[in-house]
Each structure stands twice: as C-alpha cells, then as structure tokens.
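Everything on this sheet refers to the single structure shown next.
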2 protein chains.
Amino acid sequence: MRDSHDEVRAILAEYIQSNGLKNTRQRDVILETFLAASGHTTIEELLFAVQKVNKAVGYATVYRTLKLFVDAGIASERKFGDGQTQYEIAKVDEHHDHLICRKCGKIFEFEDDIIERQQEIIAAQFGLKLTHHRMTLWGEPVDGNSCC
Amino acid sequence: MRDSHDEVRAILAEYIQSNGLKNTRQRDVILETFLAASGHTTIEELLFAVQKVNKAVGYATVYRTLKLFVDAGIASERKFGDGQTQYEIAKVDEHHDHLICRKCGKIFEFEDDIIERQQEIIAAQFGLKLTHHRMTLWGEPVDGNSCC
DNA sequence: ATACCTGCAAACTGTTTGCACGCGC
DNA sequence: GCGCGTGCAAACAGTTTGCAGGTAT
C-alpha cells in the first residue's frame with residue numbers, strides 16, 4: 001500500500017518537474033486526499049475533504065489538479081452516466097471493469113479474461129480492432145448475502 | 001420496417017390515450033423524425049431535423065417529448081460519456097450492447113450470450129444479483145476491412 | 001524575476017423548469 | 001372549458017476559463 005502510493009507520488013513529482021510545473025500546497029493536499037480515498041471519488045467529495053485541511057480551495061483548483069493527475073497518468077476518469085465524473089487511481093497495465101451495488105452504491109472492480117477475449121471476437125466480426133471498452137454491471141444484494 | 005414502426009406508433013398512441021395526454025403536431029413530427037433516424041440520435045440532431053418541418057419547436061419540447069417516449073417505453077436513453085445523451089428505439093425484450101467505430105463514429109449493436117452469462121457469474125461472486133449492465137466497445141477499422 | 005498557480009466569478013454545455021398563452025379533446 | 005402542451009427564458013448542475021494577484025523555483 002505504502003509503496004504503491006509512493007510510486008504514484010514519484011510519478012507525479014517526475015511529471016511536474018519535467019514539465020516545468022510547480023509543487024504547491026494545494027496539489028499536495030489534493031494528492032493525499034485522492035490517495036486516501038483510494039477508490040472512486042468525485043470532485044465534490046475531494047473538494048470537501050480538501051477543505052477540511054485548507055478552507056480556501058475552490059472547485060476550479062480541484063478540477064485543474066485532477067486533470068493534471070490524468071495527464072500525469074496517475075488518475076483516470078470514469079463516467080458512469082450519473083452526472084458526476086468519477087476519478088480513480090490509474091494502475092498502469094491493469095484494466096478492470098466495475099460492478100455497482102444498487103443498494104449501497106459500493107463500487108467493486110473486476111477483470112475477466114473470458115469477457116475480454118469475447119469482446120475482441122465481437123469487434124472483429126464487425127471488421128474492427130478493439131481499442132478499448134467500458135463495462136459496468138449493476139446488481140442487488142441477494143438477501144442474507146449482502147455486500148453492504 | 002413498416003410494421004415495426006407502426007407498432008411503435010401504436011404503443012405511443014395507447015400510452016397517450018390511457019394517460020389522458022394529447023396528440024399534438026409537435027409530437028407527431030418528433031416521433032416520425034425519431035423513427036426515421038432509426039438509430040442513435042441526440043436531442044440536438046432531432047431538434048434540427050424537426051425544425052426543418054416546424055421552425056418554432058424548441059429544445060424544451062424535444063426534451064419533454066423524448067422523456068415521454070421513454071416513459072411510454074418506445075425509446076431508451078444511452079449515455080456514452082461524450083456529453084450528450086443518445087436516444088434509441090426501445091425494442092421490448094431485446095437487449096443489446098454497442099460497438100463504436102472510432103474513425104467514423106458509426107454505432108453497431110450486438111448481443112452476446114457468453115458475455116451475458118459471464119456477467120451474472122461475476123456479480124454472483126460479489127454476492128449480487130445482476131440487474132442490468134452497460135457495455136460499450138470502441139474499435140478501429142483494420143486496413144482493407146473498414147466499416148466506414 | 002519569471003513563469004506557473006490559485007481563487008473568484010463569470011461563462012459554457014446539456015438539461016430542466018416556471019409561466020403565460022395556445023390548443024386538443 | 002378544462003387541462004394538457006408549447007415556446008420562451010430563466011434556472012440548474014457539472015465543468016471550464018479569464019483575470020488579477022500570489023507563490024515556487
């Protein structure tokens with residue numbers, strides 16, 4: 001955990017340095033908050049958490065910083081169609097999809113080779129080479145076997 | 001083609017009647033435009049097409065009418081994360097996913113039992129019963145075997 | 001000192017809603 | 001005539017951007 005976060009910090013530091021950007025208090029706080037959330041977070045959630053440390057930070061800075069994170073390759077955007085964009089820590093060379101509990105909203109990540117392979121077959125049937133995909137499942141807890 | 005559209009018209013007429021709603025010129029035009037598009041359409045595209053027939057129609061009416069179509073069960077909303085909501089003709093008891101060509105933007109529909117079954121297995125592994133899902137694939141044409 | 005960065009507010013996009021008038025039944 | 005529908009504009013939510021002043025290097 002520790003070292004994976006350290007790796008993320010290092011990637012960002014390197015990106016900032018080599019692009020002539022600057023380290024700032026705000027970016028530090030937002031990064032730590034983002035890492036602490038360690039899952040799927042929205043701008044709003046991040047902003048509120050960040051404001052507990054630094055009251056003056058506004059939406060614009062969080063938006064701009066998250067965009068920076070995406071550019072630096074440490075975050076990726078997800079749009080589940082519920083309005084707000086979700087951000088998660090980008091793990092290089094790891095792809096996963098999502099399963100969302102409709103009751104508690106919890107988001108699970110998974111990866112499935114059978115599906116991935118099947119997707120390539122489907123794309124090929126239409127004469128296309130699969131570049132990427134997005135798959136989201138929604139489910140409800142079966143009684144007595146709840147996730148929440 | 002003809003009869004499938006007629007069926008849609010009938011469903012809407014029935015819905016309008018049994019809910020004390022009214023037939024209007026605008027709804028007719030929007031419905032016919034929607035059917036003619038017969039694929040994935042945005043509010044904007046619909047509006048422009050509708051305005052060729054009736055210049056006065058505004059966004060609000062198209063939005064409200066498409067919402068009516070969704071309520072009536074003849075249209076369904078799709079959010080691909082590119083900003084605008086897409087609408088397509090709802091086919092009862094038929095589910096499909098989408099494959100989008102990154103070059104020409106063409107949207108293909110497909111259905112795959114292997115994937116559907118696998119999705120249920122995955123949900124079950126997390127203690128959830130799959131309620132619905134969304135899957136979108138993006139691909140590029142392989143040279144000489146283009147879709148566009 | 002020179003960029004870059006920040007905070008604020010204003011702009012923007014896609015969508016929804018309040019209201020006065022119009023029209024279907 | 002009653003009530004739903006329409007068109008317009010204003011309101012919204014999420015996000016982006018311009019600007020004046022602040023700060024890291």
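Between Thr24(A) and dT6(C) there is a side-chain polar atom (N or O) within less than 4.0 angstrom of OP1 or OP2. Applying the 4.0 Å criterion to OP1 and OP2 of dT16(C), one finds that Tyr63(B) has every side-chain N and O outside that range. In this structure, Thr61(A) does not reach the dT6(C) phosphate: none of its side-chain N or O atoms is under 4.0 Å from OP1 or OP2. The phosphate of dT16(D) has OP1 or OP2 within less than 4.0 Å of a side-chain N or O from Lys67(A). Distances shown here put a side-chain N or O of Gln26(B) below 4.0 Å from the OP1 or OP2 atom of dG7(D).
Of the listed nucleotides (dT17(D), dC4(C), dG3(D)), dC4(C) has the atom at the smallest distance from the side chain of Leu21(A).
Side-chain N or O atoms of Asp112(A) include one that pairs as donor or acceptor with a backbone N or O of Ile114(A) at under 3.5 Å. A donor-acceptor contact shorter than 3.5 Å is absent between the side chain of Thr136(A) and the backbone of His98(A). Between the side chain of Arg134(A) and the main chain of Phe80(B), a donor-acceptor pair closer than 3.5 Å is present.
As a whole-Å value, the separation of Gln51(A) CD from dC8(C) C1' is 13 Å. Gln84(B) has its CD atom 14 Å from the C1' atom of dC12(C), to the nearest Å. For the pair Lys55(A) NZ and dC8(C) P, the computed distance is 11 Å after rounding to whole Å. Look at CG on Leu66(A): it is 17 Å from C1' on dT17(D), rounded to the nearest Å. When rounded to the nearest whole Å, the span between OH of Tyr59(B) and P of dC12(D) equals 21 Å. The distance from atom CG of Asn54(A) to atom C1' of dC5(C) is 13 Å, rounded to the nearest whole Å. Counting to the nearest Å, the P atom of dT25(D) and the CG atom of Asn19(A) are 15 Å from each other. Between the P atom of dG5(D) and the CZ atom of Phe69(B) lies a distance of 12 Å, rounded to the nearest Å.
Here Ala56(B) lies in heavy-atom contact (under 4.0 Å) with sugar-phosphate atoms only. Across all strands, Arg64(B) comes closer than 4.0 Å to base atoms (heavy-atom distances).
Nearest-nucleotide positions on DNA chain C place Lys22(A) closer to the 5' end than the other of Lys22(A) and Val57(A). Residues Arg27(B) and Thr85(A) each lie close to DNA chain D; by heavy-atom proximity, the contact nearer the 5' end of the strand is made by Arg27(B).
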Start with the C-alpha gap between Phe69(B) and Ile30(B), add the side-chain angles, then the distance that decides, and say whether side chain to side chain contact (heavy atoms under 4.5 Å, CB included) holds. CA-CA 10 Å; Phe69(B) 289 179; Ile30(B) 295 172; 4.0 Å; yes

Show your reasoning for whether salt bridge (Lys or Arg N to Asp or Glu O under 4.0 Å) applies to Arg25(B) and Asp28(B). CA-CA 5 Å; Arg25(B) 247 168 295 117; Asp28(B) 282 348; over 6 Å; no

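Contact annotation: side chain of Arg25(B) to base of dG24(C), donor-acceptor pair absent below 3.5 Å.
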